[in-house]
*Asks:* 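A single structure is presented below for examination.
These figures come from a predicted structure and were not determined experimentally. Letters A, B, ... are given to chains in the order of the sequence lines, protein chains preceding strands, and every chain is numbered from 1.
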Amino acid sequence: MTTVEARRPTLAVWKFASCDGCQLTLLNCEDELLELAGRVDIAYFPEATRAVVEGPYDLSLVEGSVTTAGDAARIQQVRASSRRLVTIGACATAGGIQALRNFADVAEFRAVVYARPEYVDTLATSTPISAHVPVDFELRGCPIDRAQLLEVIAAFVQRRRPRVTAESVCVECKRRGNVCVTVAHGTPCLGPVTHAGCGALCPSYDRGCYGCFGPADTTNTGSLSGRLVELGMPERDVHRVFRTFNAAAPAFAAESERHPSAAGGAR
Amino acid sequence: MTDVESAVALDLAGLQALVDLLAAEGYTVLGPTVRAGAVVPGRVTTVDDLPRGWGDTQEPGSYRLRRRDDEALFGYAADAISWKSVLFPSRELMWSGTRTADGFSITAGEGSGGLGDPPYAILGIRACDLHAVAIHDRVLQERALPDVHYAARRKDAFLVTVSCSDPSGTCFCVSMGTGPRAESGFDLALTELLGDEHTFLARAGSERGRTVLDRLGSRPAADGEVVAADEVVERSTRRMGRTMDTTDIRTLLYDNADHPRWDDVASRCLSCGNCTMVCPTCFCTSAEDHTSLAGDTAEHWRVWDSCFTSDFSYLHGGSVRSSTKSRYRQWMTHKLASWIDQFGTSGCVGCGRCLTWCPVGIDITEEVAAIRADPRPTAEQTPIEQTPIEQGGGG
């Protein structure tokens, strides 16, 4: 292996519109960080160091969504200078919470929030990285799971497929030996339509799943919504549970639009 | 079982003595316990760990504990989590490997589950679940290359079954011929009697079961107690929440592979996999390989998998079963029909868990009934999706 790869692969970490939480997940790999630094050359990671190694890069991790014209141009450069590009987190894979603007008038938001809205130059939508450039792998989550991130990096270093499954949260919840919070307690839960990866964190603490990892590979959101309503959830809340960190993920976006919001209209 | 003379009566102290004896013999004693609002397998050191006074109300998509008006220790129906979780745990290390100077070394995985190390004594296993264990014995052990991990946990397991006295709204063991009282496959069989005295009619089903009974301070059962125990079972038999007509069910499902009901159920099915996880006979797994970043150590894990995911049927280029319709049909047809061809019995034991724990309450008995009520045989016999005989074939 060492004879084939004389140098360590270079790793770059890029930020677009995001809260930095997913990059922090990498920094939070305290026990593994030294080992990681021994396996890859951390070439560009402004959140961690000002030292910059010139590209191109073997692996780019991209956090955040595209919300400005500048970022739409910048992601093209990132792609061009990356051998492999992996998006991390709900912003990069689905547009993030900021994609709520996709369902509203961004000019109105801007006018309400900023004293001088004309200073803010932004796009009308927040879009995932995959809407702009080809992506080699999407790692879900808000935030991403630490162990899954290390697995993706290890898989890249070892040139194999990442062991990240697209099954429902229910599968990992049952593997964990949890009692179903919906069936046994009547607690609304998005687990049946949500992508695994968190280890069924919330149901393990008797909370329903919030859908942080976005839609699973196969979803039937309509059937689940019917169940949520049966459990007593008002229509406007069904609308809202699908309008969180993965609001613009197609399966969740379509389901939220089927239920009227508090304002009255479907949007 | 039919040997009435051998029946003995245990009181609560006798049941405690049984727990103590099994623990003293080196067993990890497990039984029903209350956790997270449900009856689930847990460690049992005293009879107080058992769900005294708890019953359950189960309907498709709904489970609630309820207070009973008596002190029954086994007054619930199927546990929320089956004993599969102990004998065939959801995650299991098969082996680990380490890179060495001149190659690599392999170490066999540890065999224990989350509730302690084998040998296990399982107290309170229902007749339906005993049948599920027998099915796993057939599927996992009685094949060319037995599953040594399962066999190691199963070999010395001491099984104490308890007749079901209060079946739930989703139970249909009578239809499947698996309950409510076990006829074989146990070491001891108990029937709880809640008359003037709280007693357990006990019978041995094996030599070691007989030895254990002889060592307990039991007395021969009175004729009245034997009759009362039979009445418990007869009452349960009459109170099944569900029924399933299994007449010619293989032919029925094979002939109706294109029935419109499959589209109907697919419109409700979440494809979430809960039914397969809670099913005591579903045995499908996938392998996970874990490696350290440096690539110097590796672990090979076996984890429960589900035929309701798209990855499950992924072959080069895509999933064989991409639609929910094809997955539900595969699961139900395998469970009730092709399982018979493959293993000689139905894959369903009528425990009702797939009904109860389906978040949207899909009822397998209702799905069968709907097809039976309005059969639409496919004009030309189309081959249905085949299931490989060996492991990975679907469970």
*Asks:* Carefully, step by step, assess A:V241 and A:L228 under the rule side chain to side chain contact (heavy atoms under 4.5 Å, CB included).
*Replies:* CA-CA 10 Å; A:V241 296; A:L228 296 176; 4.3 Å; yes
*Asks:* Shorter than 4.5 Å, heavy atoms on both sides: which option in A:A184, A:A154, A:C189, A:P192 has the most such pairs with chain B?
*Replies:* A:A184
*Asks:* Apply ring pair (Phe, Tyr, Trp, His ring centres under 6.0 Å) to the pair A:W14 and A:Y57, showing each step before the final yes or no.
*Replies:* CA-CA 11 Å; A:W14 308 90; A:Y57 307 99; 5.7 Å; yes
*Asks:* As an exercise: rank B:G295, B:A80, B:C269 by heavy-atom pairs under 4.5 Å with chain A and give me the winner.
*Replies:* B:C269
*Asks:* Using a cut-off of under 4.5 Å on heavy-atom pairs, state which of A:A155, A:G222, A:A166, A:G177 scores highest against chain B.
*Replies:*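 Among the listed options, the one with the most contacts to chain B is A:G177.
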*Asks:* Drop me the distance from A:I153's CD1 to A:L11's CG, to the nearest 0.5 angstrom.
*Replies:* 6.0 Å
*Asks:* Measure distances from B:V360 to the heavy atoms of chain A and classify the residue's part below 4.5 Å as side chain, backbone, both or neither.
*Replies:*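 It is both, since atoms from each part get that close.
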*Asks:* Would a distance-only check, ignoring hydrogens and angles, find a side-chain to backbone donor-acceptor pair under 3.5 Å from A:E63 to A:Q23?
*Replies:*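 Yes, A:E63 side chain to A:Q23 backbone: donor-acceptor pair under 3.5 Å.
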*Asks:* May I ask you to test the A:L61-A:F45 pair for a side-chain heavy-atom distance under 4.5 Å?
*Replies:* no
*Asks:* If you count heavy-atom pairs under 4.5 Å with chain B, which of A:V183, A:V179, A:V193, A:L150 comes out on top?
*Replies:*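 Among A:V183, A:V179, A:V193, A:L150, the one with the most close pairs to chain B is A:V183.
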*Asks:* Main chain of A:S256, side chain of A:H239: is a donor-acceptor contact present, judged purely on distance under 3.5 Å?
*Replies:* yes
*Asks:* Report yes if some heavy atom in the side chain of A:C22 is under 4.5 Å from a heavy atom in the side chain of A:I144; otherwise report no.
*Replies:* yes
*Asks:* Hey, does B:C351 have a side-chain heavy atom less than 4.5 Å from the side chain of B:C171?
*Replies:*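 Counting from C-beta outward, B:C171 and B:C351 never come under 4.5 Å.
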*Asks:* For residues B:L115 and B:P41, determine if any side-chain heavy atom of one lies less than 4.5 Å from a side-chain heavy atom of the other.
*Replies:*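 The answer is yes, as the side chains (C-beta and beyond) meet within the 4.5 Å cut-off.
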*Asks:* Can you say whether B:I81 sits under 4.5 Å from chain A via the side chain, the backbone, both, or neither, judging by heavy atoms?
*Replies:*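 It is the side chain, since no backbone atom gets that close.
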*Asks:* No hydrogens needed, just list the donor-acceptor pairs between chain A and chain B under 3.5 Å.
*Replies:*
from: A:E35; atom 1: OE2; to: B:A294; atom 2: N; distance (Å): 3.2
from: A:Q158; atom 1: OE1; to: B:T291; atom 2: OG1; distance (Å): 2.7
from: A:Q158; atom 1: NE2; to: B:S292; atom 2: O; distance (Å): 2.6
from: A:Q158; atom 1: NE2; to: B:L293; atom 2: O; distance (Å): 3.3
from: A:R160; atom 1: NH2; to: B:T291; atom 2: OG1; distance (Å): 2.8
from: A:R163; atom 1: NE; to: B:D289; atom 2: O; distance (Å): 3.1
from: A:R163; atom 1: NH2; to: B:H290; atom 2: ND1; distance (Å): 3.2
from: A:S168; atom 1: OG; to: B:C272; atom 2: O; distance (Å): 2.7
from: A:K174; atom 1: NZ; to: B:N274; atom 2: OD1; distance (Å): 2.8
from: A:R175; atom 1: O; to: B:S90; atom 2: OG; distance (Å): 2.6
from: A:R175; atom 1: NE; to: B:W304; atom 2: O; distance (Å): 2.7
from: A:R175; atom 1: NH2; to: B:W304; atom 2: O; distance (Å): 2.8
from: A:G177; atom 1: O; to: B:R35; atom 2: NH2; distance (Å): 2.9
from: A:V183; atom 1: O; to: B:Y63; atom 2: N; distance (Å): 2.9
from: A:V183; atom 1: O; to: B:R64; atom 2: NH1; distance (Å): 2.7
from: A:A184; atom 1: O; to: B:R64; atom 2: NH1; distance (Å): 3.2
from: A:H185; atom 1: NE2; to: B:A36; atom 2: O; distance (Å): 2.8
from: A:D217; atom 1: OD2; to: B:S310; atom 2: N; distance (Å): 3.2
from: A:D217; atom 1: OD2; to: B:S310; atom 2: OG; distance (Å): 2.5
from: A:T218; atom 1: OG1; to: B:R327; atom 2: NH1; distance (Å): 2.7
from: A:T218; atom 1: OG1; to: B:R327; atom 2: NH2; distance (Å): 3.3
from: A:N220; atom 1: ND2; to: B:A266; atom 2: O; distance (Å): 3.4
from: A:N220; atom 1: ND2; to: B:S267; atom 2: O; distance (Å): 2.9
from: A:N220; atom 1: ND2; to: B:C269; atom 2: O; distance (Å): 2.9
from: A:S223; atom 1: OG; to: B:R268; atom 2: O; distance (Å): 2.6
from: A:R227; atom 1: NE; to: B:P359; atom 2: O; distance (Å): 2.6
from: A:R227; atom 1: NH2; to: B:G61; atom 2: O; distance (Å): 2.8

